[in-house]
There are 2 protein chains.
Amino acid sequence: MSGPAAKTWQAIESEVRRRIHTRVWAPGDMIPNEQDLADEFGCARATVNRALRSLSDAGLLERRRKAGTRVALHPVRKATLSIPIIRKEIAARGQKPGYRRLLRRSGVPPRDLLERLGGDTDGIFLHVQALHTADGAPFVFEDRWINLDVVPEAAEQPFDEISANEWLVRTAAFTDGEIAFSASAASDEAADHLQCDPGAAIFTIERITRDGTRPITLVWQYYRPGFRMQTTI
Amino acid sequence: MSGPAAKTWQAIESEVRRRIHTRVWAPGDMIPNEQDLADEFGCARATVNRALRSLSDAGLLERRRKAGTRVALHPVRKATLSIPIIRKEIAARGQKPGYRRLLRRSGVPPRDLLERLGGDTDGIFLHVQALHTADGAPFVFEDRWINLDVVPEAAEQPFDEISANEWLVRTAAFTDGEIAFSASAASDEAADHLQCDPGAAIFTIERITRDGTRPITLVWQYYRPGFRMQTTI
DNA sequence: GAGTGGTCTAGACCACTAA
DNA sequence: TAGTGGTCTAGACCACTCC
């Protein structure tokens, strides 16, 4: 029984999900190979492949050539977070985004920051601090260093209207990057800007983007207390 | 010249990335349709489709039928976080994972928790608290409620050896879920278990998993101070 | 209505890897 | 070495949506 009605890859994916969920195929079990499933479902092998690849990307299946496909024993939950432009993030909440540049100064970054960037970075950086507001209330305090060796045009940008983030997106396409999420205690400076108590628990995003091996920018974003970054799994 | 050497979809993806990065195709620009690209690259349209779909998934391209494909104006950075079993997360750091169940008691969850779960949930839950350690030091304090209506077998599980997480993964496949990341101040209880000061900034994951509309479990995981969840973009 | 991406097919060859 | 997934092809039809 239980034939998948249509022959679309989505229908097949859904049927395979059902079999996993109802334990027809239990965690750790091998499932039939692509050709057999194609025969059973009455479709081309490529269609089965498309469905199984999707489930493999989702972490529900583990596939290896020759070894075959098995139901993942410990499905790795993958959470995909969208990191939008902050202005849009605020607008998506139905609030009015605001932006204020707080600091803009060129200079040499502290040593520990350079170490974090790695690579050959001994030039001049632009240090920019800014505050994003939602309906007038502080939302994110942003502390950023921009590598003027890689993005010399930044030296002529005031960043008093357009946030450095948006400007960089349009100007300097990056190839690689790292992002880290953590909780940090609000510094006196951050507490001042976010209008909270020093030491308050602050959700923090640290991001490095690179062009090849050359760092473009390093930024810390401190979200107002209580902020939650949410997604479905 | 810029001919893509091979005809694999990865080579084509790489070539398109290059054109975007070098601004041959600038943000907002339309790019040629699939057939034209296939002709240029000397491959089948399906191969171009595979490459462009991958870039679309990554957020670099925006595709719409009839309208065509354009370079994303504000590429939404998508960070994919792997949420492994904590035991494996610790082992992956080269540390020795440990587990200790702290509490196990059945009862009715507080009202605010029920509201967060939503839906028709008025049954008995199992409340489990546990501590994961890395090389003997506290790593994660976990506070969990399990819906015994959906997973009655949990009532017979001591959870003193296997963590509730691992047991649930094997026992109750979930269909939907929500996950939220935030920073919270350590409660007295959490501070005690994590051996830190009350009020310390704690990286927190809150997760709800469901079977259809029925909530299976709601869990808060409080990571030791200083924890960073990292990925590449 | 027409142009674009989305998908399916049937077949083929290739790449990896367990046995 | 043999079996499995990974990919490519050439063609076809479909679904969506802009004009």
Side-chain angles (χ1 to χ4, degrees), chain A residues 3-17 19-20 24-73 75-76 78, chain B residues 3-17 19-20 24-73 75-76 78:
Chain A
K7 298 187 284 187
T8 67
W9 69 265
Q10 290 96 336
I12 291 169
E13 176 184 334
S14 163
E15 168 64 14
V16 173
R17 278 199 124 95
R19 291 189 188 182
I20 293 173
V24 176
W25 294 329
D29 283 2
M30 298 289 309
I31 76 172
N33 70 35
E34 294 189 346
Q35 189 55 61
D36 288 351
L37 287 174
D39 292 345
E40 179 194 340
F41 295 152
C43 68
R45 181 166 79 91
T47 308
V48 172
N49 179 280
R50 180 81 169 82
L52 297 191
R53 182 157 42 78
S54 168
L55 290 167
S56 170
D57 288 346
L60 262 74
L61 295 177
E62 286 169 3
R63 322 193 71 197
R64 286 211 312 270
R65 285 162 157 153
K66 165 73 177 176
T69 301
R70 63 174 62 240
V71 180
L73 210 53
V76 173
K78 287 180 185 161
Chain B
K7 298 188 284 187
T8 68
W9 68 265
Q10 290 96 335
I12 291 169
E13 174 183 336
S14 162
E15 168 64 13
V16 173
R17 278 197 125 95
R19 292 189 188 181
I20 293 172
V24 175
W25 295 331
D29 283 1
M30 300 288 309
I31 76 173
N33 71 33
E34 295 189 347
Q35 189 55 61
D36 288 350
L37 287 174
D39 293 344
E40 178 194 341
F41 295 152
C43 67
R45 182 166 80 91
T47 308
V48 172
N49 179 279
R50 181 80 169 82
L52 296 191
R53 181 157 44 77
S54 168
L55 290 166
S56 170
D57 288 345
L60 263 72
L61 294 178
E62 287 169 2
R63 322 194 70 197
R64 287 210 315 269
R65 284 162 155 147
K66 166 71 177 176
T69 301
R70 62 174 63 241
V71 180
L73 210 51
V76 174
K78 287 178 185 162

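Just so we're on the same page: letters track the sequence lines, and every chain starts at 1. The basis for the numbers below is simple: all heavy atoms, side chains too, and nothing from hydrogens, waters or symmetry mates.
B/Leu37 places a side-chain heavy atom less than 4.5 Å from the side chain of B/Leu52. Annotation: side chain of B/Thr47 is not in contact with side chain of B/Phe41 (no heavy-atom distance under 4.5 Å).
Between the CG atom of A/Asn33 and the C1' atom of C/dA18 there is a distance of 15 Å, rounded to whole Å. Distance CE (A/Met30) to C1' (D/dG5): 11 Å, rounded to an integer number of Å. Atom CD of B/Glu62 is separated from atom P of D/dC18 by 13 Å (rounded to the nearest Å). Rounded to a whole Å, the CG atom of B/Leu55 is 15 Å from the C1' atom of C/dG5. Going from atom CZ of A/Arg70 over to atom P of D/dT4 covers 13 Å, rounded to whole Å.
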Would you mind writing out the side-chain donor-acceptor pairs for residues 61-71 of chain B within the sub-3.5 Å range, not counting sequence neighbours?
unit_1: B/Arg63; atom_1: NE; unit_2: B/Thr69; atom_2: OG1; d: 3.1
unit_1: B/Arg63; atom_1: NH1; unit_2: B/Glu34; atom_2: OE2; d: 3.2
unit_1: B/Arg63; atom_1: NH2; unit_2: B/Glu34; atom_2: OE2; d: 2.7
unit_1: B/Arg63; atom_1: NH2; unit_2: B/Thr69; atom_2: OG1; d: 3.4
unit_1: B/Arg70; atom_1: NH1; unit_2: B/Gly28; atom_2: O; d: 2.6

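Applying the 4.0 Å criterion to OP1 and OP2 of D/dG5, one finds that A/Thr69 has a side-chain N or O inside that range.
A/Arg19 CZ to A/Ser14 OG: the interatomic distance, rounded to the nearest 0.5 Å, is 11.0 Å. The NZ atom of B/Lys78 sits 10.0 Å away from the CG atom of B/Leu60 when rounded to the nearest 0.5 Å.
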Item to check | Annotated protein contacts, base or backbone, on nucleotides 6-16 of chain D with a non-hydrogen cut-off under 4.0 Å, one of B, S, - each | outcome: BBSB--B--BB

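The side chain to side chain contact (heavy atoms under 4.5 Å, CB included) test applied to A/Gln35 returns A/Asn33, A/Ala38, A/Asp39, A/Arg45, not counting sequence neighbours.
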